Amino acid sequence: MARPRTLLPADSPGADVGQLLADMRGGDASAIQRLVPLVYDELKRIARAQRRAWADADTLNTTALVHEAYMKLARGRENDWRDRAHFLAVAAMAMRSILVDHARRRHTAKYGGGRAAVDVAKVEALVGTPPLAANEDLDLMLALDTALAQLAELSERQSRIVECRFFGGMSIHETADALGVSPASVKRGWALAQAWLYRELAEGPAS
Amino acid sequence: MTRVAGDPPIDWDRLEHLYAELTNIPIAARAARVALVGHADRALARELGSLLSCESRVEPFFRELTRVMVATAADLVGADAP
């Protein structure tokens with residue numbers, strides 16, 4: 001996933017996050033395209049400010065990160081739970097972009113330009129063994145992004161669920177609110193998506 | 001992938017419901033249920049059986065994937081440090 005193109009600078013008068021969230025909720029699909037770059041930039045700013053905590057973390061505290069971004073960007077609308085739910089989904093999408101873009105840059109720096117040759121055939125054997133080497137981490141992040149794009153062709157909802165749950169650290173209920181589906185649907189979709197992603201990644205790129 | 005040339009498209013919503021249903025019944029009872037599905041839709045049953053066979057390895061894999069994501073994030077903020 002390429003870094004979202006910034007259509008509106010964050011400090012432009014038109015970049016009203018609250019209005020974009022309202023537009024998104026009203027069914028304006030283009031609002032999400034304008035929101036993601038704003039959230040992307042804000043998340044990166046906050047992550048840099050918190051880098052010491054991130055560097056030592058065993059888990060990624062996405063919830064705190066996203067909350068801070070929401071408080072900064074959605075001034076005056078902090079108490080609107082519907083806006084918050086939609087914001088979380090956008091933040092999860094931005095988080096995926098940030099991490100995958102970084103993995104791609106690292107991969108290019110290590111192995112040169114061109115499309116990354118992702119070798120994840122060993123993934124199944126690696127589960128439960130010592131952590132992957134750094135280059136295998138990069139491969140896995142890129143392979144996950146590719147597999148998620150393939151999953152979106154089968155089920156856009158399941159792909160979004162993975163973004164929210166995995167990249168956004170969102171609960172079942174937060175994901176359900178953000179995507180406008182039932183918690184039961186999120187649970188079912190999450191379970192199948194995980195199994196499918198495991199199989200795709202363990203077996204390597206789908207033919 | 002478990003698709004065979006000529007297979008019809010899989011009903012993904014039905015697959016999702018069946019996967020949820022079968023992961024909540026004893027493992028010993030699953031094969032019979034998959035076989036039953038196969039009477040009406042062989043491609044769906046193949047996909048279902050394939051995904052069910054992965055079930056026990058999914059959780060450790062996602063734990064590892066989470067570690068990879070955290071490592072990538074830590075590397076990112078480290079790389080961005082002034």
Side-chain angles (χ1 to χ4, degrees), chain A residues 44 47-60 62 65 95-96 98-103 105-106 123-124 126-129 131-132 134 136-141 144 154-155 157-158 166-167 169 184-185 187-189 191-203 206-207, chain B residues 1-25 27 30 33-34 37 43-82:
Chain A
K44 280 194 79 171
R48 282 192 206 105
Q50 297 179 349
R51 61 179 163 270
R52 192 183 297 271
W54 277 42
D56 298 335
D58 293 327
T59 57
L60 189 56
T62 323
L65 190 66
M95 188 68 79
R96 173 183 170 189
I98 288 169
L99 295 176
V100 170
D101 288 353
H102 177 67
R105 278 196 300 273
R106 276 283 199 242
V123 168
E124 185 166 10
L126 289 164
V127 172
T129 62
L132 308 183
E136 291 166 330
D137 280 2
L138 296 176
D139 284 352
L140 193 49
M141 282 303 292
L144 173 63
L154 297 167
S155 169
R157 178 178 52 87
Q158 285 178 13
F166 184 71
F167 289 101
S185 171
K187 275 186 199 169
R188 283 194 311 270
L192 184 64
Q194 283 181 290
W196 188 88
L197 285 169
Y198 167 76
R199 193 190 60 189
E200 293 303 298
L201 292 170
E203 291 181 0
S207 55
Chain B
M1 298 291 278
T2 59
R3 312 259 310 130
V4 172
D7 274 351
I10 287 173
D11 180 339
W12 210 254
D13 284 339
R14 180 140 188 260
L15 177 65
E16 185 180 285
H17 278 87
L18 284 167
Y19 185 81
E21 177 194 329
L22 269 67
T23 48
N24 280 300
I25 65 173
I27 291 173
R30 293 179 187 177
R33 184 78 178 91
V34 173
V37 171
L44 178 65
R46 261 198 310 274
E47 185 74 356
L48 181 61
S50 168
L51 292 169
L52 285 168
S53 72
C54 300
E55 191 207 1
S56 65
R57 300 187 295 281
V58 168
E59 196 184 319
F61 174 68
F62 267 77
R63 271 203 303 272
E64 175 64 7
L65 211 51
T66 301
R67 188 204 60 73
V68 167
M69 180 175 66
V70 172
T72 305
D75 185 55
L76 166 70
V77 292
D80 280 351

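These figures come from a predicted structure and were not determined experimentally. Chain A is the first sequence line, chain B the second, and so forth, proteins listed ahead of strands; every chain is numbered from 1.
- B:Leu15 CG to A:Arg188 CZ: the interatomic distance, rounded to the nearest 0.5 Å, is 12.0 Å.
- The side-chain heavy atoms of B:Glu47 and A:Arg199, taken from C-beta on, include a pair separated by under 4.5 Å.
- Neither the backbone nor the side chain of B:Leu52 has a heavy atom closer than 4.5 Å to any heavy atom of chain A.
- Partners of A:Leu154 under the side chain to side chain contact (heavy atoms under 4.5 Å, CB included) rule, at least two apart in sequence or in another chain, are A:Trp196, B:Trp12.
- Here CG of A:Leu197 is found 7.5 Å from CZ of B:Phe61. Values are rounded to the nearest 0.5 Å.
- For B:Glu59, the CD atom is loosely surrounded, since the number of other residues' heavy atoms within 6.0 Å does not exceed 12.
- A distance of 7.5 Å separates CG in A:Leu140 from CD in B:Glu64, rounded to the nearest 0.5 Å.
- Between B:Glu16 atom CD and A:Gln158 atom CD the span is 4.5 Å, to the nearest 0.5 Å.
- Most heavy-atom pairs under 4.5 Å with chain B, from the set A:Ala103, A:Ser185, A:Ala191: that is A:Ala191.
- For the pair B:Asp13 and A:Arg157, the minimum side-chain heavy-atom distance is below 4.5 Å.
- Note that CD1 of A:Ile98 is 12.5 Å distant from OG1 of B:Thr72, once rounded to the nearest 0.5 Å.
- One distance of note links CZ of A:Phe166 with CZ of B:Phe62; it measures 6.5 Å at 0.5 Å rounding.
- Enclosure of atom CD1 in B:Ile25 by more than 12 non-hydrogen atoms of other residues, nucleotides or ligands within 6.0 angstrom is indicated.
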